[in-house]
There are 2 protein chains.
Amino acid sequence: MATSPAIHTIPNTIDRDSFEPAYSQLANILKAQIAAGAFRPGDQLPSEAQLCRTFGVSPMTVRRSINLLADQDVVSTAQGKGTFVRRVQFGAAAFDLRELQSLLRNDATTIKLLDARIVTANQRVAGKLDIAVGRSAIYIRRLLSVEHQPAFYHREYLVYDPRRPIVESEMEVSSLSGLFSGSGSAIVKRADLTICATLMNEEESQVLKTQLPAAALLLEHIFYDFDDRPISWGWFIANSERLHFSTTVGIQD
Amino acid sequence: MATSPAIHTIPNTIDRDSFEPAYSQLANILKAQIAAGAFRPGDQLPSEAQLCRTFGVSPMTVRRSINLLADQDVVSTAQGKGTFVRRVQFGAAAFDLRELQSLLRNDATTIKLLDARIVTANQRVAGKLDIAVGRSAIYIRRLLSVEHQPAFYHREYLVYDPRRPIVESEMEVSSLSGLFSGSGSAIVKRADLTICATLMNEEESQVLKTQLPAAALLLEHIFYDFDDRPISWGWFIANSERLHFSTTVGIQD
DNA sequence: TAGTGGTCTAGACCACTTA
DNA sequence: AAGTGGTCTAGACCACTAG
């Protein structure tokens, strides 16, 4: 039987001298047993009281382990019924931007400021930034290259309000790196992000040095301040060969 | 001052008669205070001991509240230093497939089986399914329509192994709904997923009734069984107007 | 040394499910 | 009534940070 060897390498006791906390050890033991097939999707796990006795830990510690697995969508709990191994759920899959973040932190990545100027907001820009048509905005175009190859084309409109002089200086007009590295501005409360596929237009293909027709991922972002007013609206156009997102859903070892 | 009214509507005590648990109430109080600007990114929150005194709850309850906020990337904790409000982090953004999942559960969505037949695996298919070239596989083509409009074109190869007869019956060849609704197969241990942008080819544009050139989101998936062997390999082609993913990062009310 | 977060205990009481 | 998960207490001890 294929799974037998794996089962026998799973520890079944908590090592109190380990660096790893007991709740984490227990969660990993249970997950390894599930991964090895000892508990199949739909199966009920031992009750919390039983796990307390088996592993010699307190109820709170067992609960924390179970909660960890529940957060990872490995198990589901039902009051009065028990804890059960979950089936794989497509909808639980989540693609995150950490890859993108690490790419921008990479030394091989350079950011070139193509353009930065004051413009008057047209209907579209004014709508996104929640300002009046004809008001001023800062328009920025950047090209991000990885190993001297054009990878992302970024365009952004920033509100330009004499009463909010802080915006320009805080939003790191020339670098972008702050938003990705976590040292982002303290004036940003939240960002709304959208991702979709699009066809590149003439300008985009020239900047990114691709042949038309070309497909691209478009990542749109709007940043808001602590008064819930938009600060900036912008979007990345990514060469489709340069950017794809991967993830795993289900039981991971 | 714009934030004053908001601050005054934030409760500052735990309601012990509420249905909402104390830890959740406390987390929401702190988050509302942060959202209202009472604590800004970089600011230190009151210590856990202080929060215990202020709100009259035990240390474990305070910890649970803080952990909730830390899981949401609202705060970060540093042993020996304190708890601090985080800046918005681009990289923390995660796009999930719940929209897609609910779409497939929708009554207005229909799945049409275009084709299902046994084929012999070529190099590419054999590589993905980790079988020998020339072995049999099941090839399936499906069209998913939303309100009678073609939306997603799905193609999939399933391993066809006499020794694993369970695969075909378990993988819900004719419906697909299981994988999305959570009632998916119990033989699936995990799935690897990738998303990227692509240009539609002739066949795809005909099935989806679009004009060329057209951009599309491509969602590729490989399912594995509990012996870590591939069960199926397939991909969705989504009309780019039909599918986009949205998310919010930072402080959400 | 004082203050911080991190872990853990050994119970208690409650809500819910099943029989 | 018995068993399940869900919340909460009132501490304890530890590891880490800072003055």
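Here is the naming used below: chain letters follow the sequence lines, and residue numbers restart at 1 for every chain. The shown structure was predicted, so the numbers you read here are calculated from the model rather than taken from an experiment.
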Checklist entry - Among all residues two or more places apart in sequence or in another chain, which pass the salt bridge (Lys or Arg N to Asp or Glu O under 4.0 Å) test with B:Arg98? => result B:Asp96
Next on the checklist: My understanding is that only residues two or more places apart in sequence, or in another chain, count here; which of them pass side-chain hydrogen bond (donor to acceptor under 3.5 Å, both in side chains) with B:Thr194?
Outcome noted: A:Ser246
Item to check | Side chains of B:Gln72 and B:Lys31, donor plus acceptor under 3.5 Å | outcome: yes
Item to check | For DNA chain D, the dot-bracket pattern of Watson-Crick and G-U pairs whose distances stay under 3.5 Å, | for other-strand partners | outcome: ||||||||||||||||||.
Next on the checklist: Tell me every residue that passes side-chain hydrogen bond (donor to acceptor under 3.5 Å, both in side chains) with B:Thr54, counting only those two or more places apart in sequence or in another chain.
Outcome noted: B:Gln50
Next on the checklist: Using the side-chain hydrogen bond (donor to acceptor under 3.5 Å, both in side chains) criterion, which residues pair with A:Glu20? Sequence neighbours excluded.
Outcome noted: A:Ser24, A:Asn28
Checklist entry - Which residues pass the ring-ring contact (aromatic ring centres under 6.0 Å, His included) test with A:Phe152, sequence neighbours left out? => result none
Next on the checklist: Please list all pairs meeting side chain to side chain donor-acceptor pair (under 3.5 Å) that have one or both residues in residues 73-83 of chain A, counting only residues at least two apart or in different chains.
Outcome noted: A:Asp73-A:Arg86
Item to check | By side-chain hydrogen bond (donor to acceptor under 3.5 Å, both in side chains) - contacts of B:Glu99 (at least two apart) | outcome: none
Checklist entry - Is any side-chain N or O of B:Thr77 closer than 4.0 Å to OP1 or OP2 of C:dG5? => result no
Checklist entry - Contacts to DNA chain C from residues 42-55 of chain A, heavy-atom cutoff under 4.0 Å, which residues? => result none
Checklist entry - Pairs in or reaching into residues 41-53 of chain B: which pass salt bridge (charged side-chain N to carboxylate O under 4.0 Å, His left out), with residues at least two apart or in two chains? => result B:Glu48-B:Arg63
Checklist entry - What residues form a ring-ring contact (aromatic ring centres under 6.0 Å, His included) with A:Trp233, not counting sequence neighbours? => result A:Tyr157, A:Trp235
Item to check | Annotated protein contacts, base or backbone, on nucleotides 8-18 of chain D with a non-hydrogen cut-off under 4.0 Å, one of B, S, - each | outcome: BBBB---BBSS
